[in-house]
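See structure below.
In what follows, chains are A, B, ... by sequence order, proteins preceding strands, each numbered from 1.
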Amino acid sequence: MSVRMNKRKIEKKWNNASIQTKMMTSFFFPIILILVVNTYMYTNINAMIARVDEIYTSNVTLNNLSAELTQVQSSVREYLENKGSSALNDYYMAEQNYRNLMNDIHEDITIGSQKIMQENIYNQSEVYLEQIGEIVQAKRGRNVEKYKSGYEEAQVIYADLQTCIHSLNNEQFKSNTKNYNVLLSSLKYMELVTITILLIVGLVNLVVLFLITRSMAKPLQQLSHAANEVADGNFDVQIEILDASDEIGVMSKAFNKMVDSIQIYIAEIRKSMRRESALKERELVMASRMKEVQLRSLQAQINPHFLFNTLNAGAQLAMMEGADKTTEFIQVMADFFRYNIKKIDSDTTIEEEVALVDRYIYILNVRFTGEIHFSKHVDSEVENVRVPSMVLQPIVENAVNYGIRNIEWEGHIDLKIYKQNDMVYMSIKDNGIGMSQDTIDMILSGEYFVNPDEEKTDSNGVGLGNVIERLQIFTGHKDVMEIISEGEGKGTEFIIKVPMHV
Amino acid sequence: MEKKNNTLEELNTVKRKKLTDSSFSVMLIGAAIMVFAAIVTGILFMAMMSKRNLLDMNEAEEYSKHYVYIISDKESDLWINVLNEVKAIADESNIYIEDIEETMGVNYSDEDLLRVAVNSGVDGIIYSGIKSEKVMILIDKAVTKGMAVVVLQNDIDSSIRQCFIGVNNYELGRLYASQIKKIATPKQLSNMKIELLTDADMTEGSTNLISLAMEEKLEEYIGDYSLPEVKITRLSARDMFSAEEDIRNFFVGDKKLPDIIICLNDSYTKCVYQALVDYNRVGEVQIIGYYSDDTILEAVDKGIIYSTVSPDTEKMGELCMKALEEYCETGYTNAFMSVNAKVIGRDEARELLNERQNEQTQD
């Protein structure tokens, strides 16, 4: 459990380490491992070489021992032959040297049978040296017989000793050679081991480096690829984020954040542009509708100017003749047409719109000798509410022309203007022939058009569709008019809805 | 939109996890492989080196004692068996048994070897070789120096050796007589010639004792008939191959062969057997051999050798070590130790051969 936790800790540390640390670790770890392995192998090889050097030392020692033994024997022989003091000195020297070497070899540790041989040589040497000592004493004492026989005996032991030394030398040479061969093969083996370890470590190192650098390079490649995408205009791109706090991790996170921010800004810009274009569109539509109304008005302007002058002349004539009713009629008619020309391109108050309707009804009643029974109820609070001009009169005209003109019963038109919940409702209700629901739907959706010829003959030129559109543009709402008809012969009610404050 | 973001995040998390895991795990696995490879090869190397260091000079074994054996005919099965037993017991007690001739690496005489052994100050000497004045002096010198000396087979009775181990010659004579009785009727026996082939180093007393025991036993058997003629021939083992040549001389030409040849050691037995076969004279002479190696047993089984007398070699080896140890520890041991011998006839030979064959198959 704790091992796993430790692993996680180390993993976290590793992930959070900087690229430099990661790369340094990735390179240094194998290098240190190779260094340790090499040092270990180097130490072993050195120790082995040192042992190879030592291998034949024992043979050299034994050769020295043999040479020294010969020296002892020859010096004694020389002494026995001439009894010279230098020969005696030589003998003592040689004996001392031989003893030293003998002791060295005696203390030397060797394997089983060789140790026994060493012991044999040591003990025989003791006997030999003792024998030699006695010979020298005998020579000094001129005991010829004794030193003669003693020397013969010593010669035999000398020969035995040389044989033993030779045998031991031979045995040691054999085992030393074996050891030498073992060491040689070990050195070769060591070479193989070293090469194997280095190869394994090298290969694994290569693979690890490849994988680690790839894992480091991959996010960078992704980042550059993503950056290219962004440069090409594709902002809908996200990169895999390393769960690490190294430079790449930080960069990746920053990149993703940047892309997110860009996307948000673009969305906001798009929204505001859409809003702006909608506003512009509205203005354009409004203007185009106005132009349409203006065009129709202009078409009618030639006649009104002439008509105004004519009407004024008529009014003056009627006044001079004392015909007051005619004067009033002509005056109302002139006012009606003037309003049409003046107010068509701007908004106005409900009060003026109602006045226009009054004039229109007066004219029609003069024309049709009071056939139209018109009543109005206007809430005084809403008289100053602003509405587009020429919205009430066309509806009243519509009620007259299509509602009550051809009915056999007495026609009534009721105008009610009232306020309800910050809204102003303008209701024009007739008791005429009524409307089918299809016609109502077509009018409200703008698909219904009256016969143009018919319109020319008996209209002031502003249709229901135009009224509805202008009202919609003015209020910014779709729902500006309601048409209620309970069926054929049951009349129609138009309700215009405008807010108190636009 | 939010959902899409979530999915993207999940995807990132999965991939992210994969990315980080692989990076760290690669590092860990790589490191583990490298360390593992280094450790394994290191351990293999150490193991190999320790295996190769068998000849390490520092691993010397300390022996409690050092005995030397000097056996003239150490190549024969009889002595190989005796020495095997000696070495087995010595191994248990951590005693080094040295074949001094082998360690010297030269062809020394028994006397020379004995001298080297004495001068080398060994703890004990096992000797079975020529008998001479020099040998006697050297054995005495060794004993004087405090070494234990055990003589096998042929006693150096003039020396002050601590112990002699061998078959009781009187007993041996009686065993031979028992076999002779089986070969011939008393009447036939009275006209027979018996040749006793013995080692020149065997003391006269010993051979006389053998022949005396034989005669005693045969006298009871033949009753009123006269005793067969017994001739003792001493063959010298000092010169190489001389004994073999002497034996072959018996069979060369049309010489009258003795009726019974009794061999007092294993090499003479084999030599006689081989000569009989080589000169095509099987059946002309009855042979009573010594010891029971495979060659001799096969000859007995074939009926070429009538029977053989075999000493107990294991016992000889055991007694040898017992005498040496006893002397080294207490300074005293029996001067004479006897080893039993048994007669192996045709049936026993076959049985023994079968046994050995079975043992070999099992091995």
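B:Thr103 and A:Met117 make their closest contact through O-CE, 3.2 Å (heavy atoms, listed as atom of the first residue, atom of the second, distance).
Here A:Ile200 contributes atom CD1 and B:Phe36 contributes atom CZ; the two are 10.0 Å apart, rounded to the nearest 0.5 Å. Note: A:Ser167 OG to B:Glu102 CD = 10.5 Å, rounded to the nearest 0.5 Å. A:Cys164 SG to B:Ile100 CD1: the interatomic distance, rounded to the nearest 0.5 Å, is 6.5 Å. Here B:Tyr96 contributes atom OH and A:Lys115 contributes atom NZ; the two are 12.0 Å apart, rounded to the nearest 0.5 Å. Atom CG of A:Leu168 sits about 11.5 Å away from atom CE of B:Met104, to the nearest 0.5 Å.
Among the candidates A:Thr163, A:Asn170, A:Ile121, the residue making the largest number of heavy-atom pairs closer than 4.5 Å to chain B is A:Thr163.
Heavy-atom distances place the side chain of B:Val122, and not its backbone, under 4.5 Å from chain A. Proximity to chain A (any heavy atom under 4.5 Å) is restricted, for B:Val106, to the side chain, taken from C-beta onward.
A 6.0 Å sphere centred on NZ of B:Lys87 holds more than 12 heavy atoms belonging to other residues, nucleotides or ligands. Within 6.0 Å of NZ in B:Lys145 there are more than 12 heavy atoms belonging to other residues, nucleotides or ligands. The environment of A:Phe173 atom CZ is sparse: at most 12 non-hydrogen atoms of other residues, nucleotides or ligands sit within 6.0 angstrom. In B:Lys65, the NZ atom is crowded: over 12 heavy atoms of neighbouring residues, nucleotides or ligands sit closer than 6.0 Å.
Applying the ring-ring contact (aromatic ring centres under 6.0 Å, His included) criterion to A:Tyr180, with sequence neighbours excluded, gives A:Tyr56. Judged as a ring-ring contact (aromatic ring centres under 6.0 Å, His included), and not counting sequence neighbours, A:Tyr158 has no contacts.
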Evaluate the side-chain contact (heavy atoms from CB on, under 4.5 Å) criterion for residues B:His66 and A:Asn123: first the C-alpha distance (whole Å), next the side-chain angles of each, then the deciding distance (0.1 Å), finally the verdict. CA-CA 13 Å; B:His66 171 205; A:Asn123 291 334; over 6 Å; no
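Taking the side chain as every heavy atom from C-beta outward, B:Glu98 and A:Asn120 approach each other to under 4.5 Å.
Here the side chain of B:Asn119 pairs no donor or acceptor atom with the backbone of A:Gln124 at under 3.5 angstrom.
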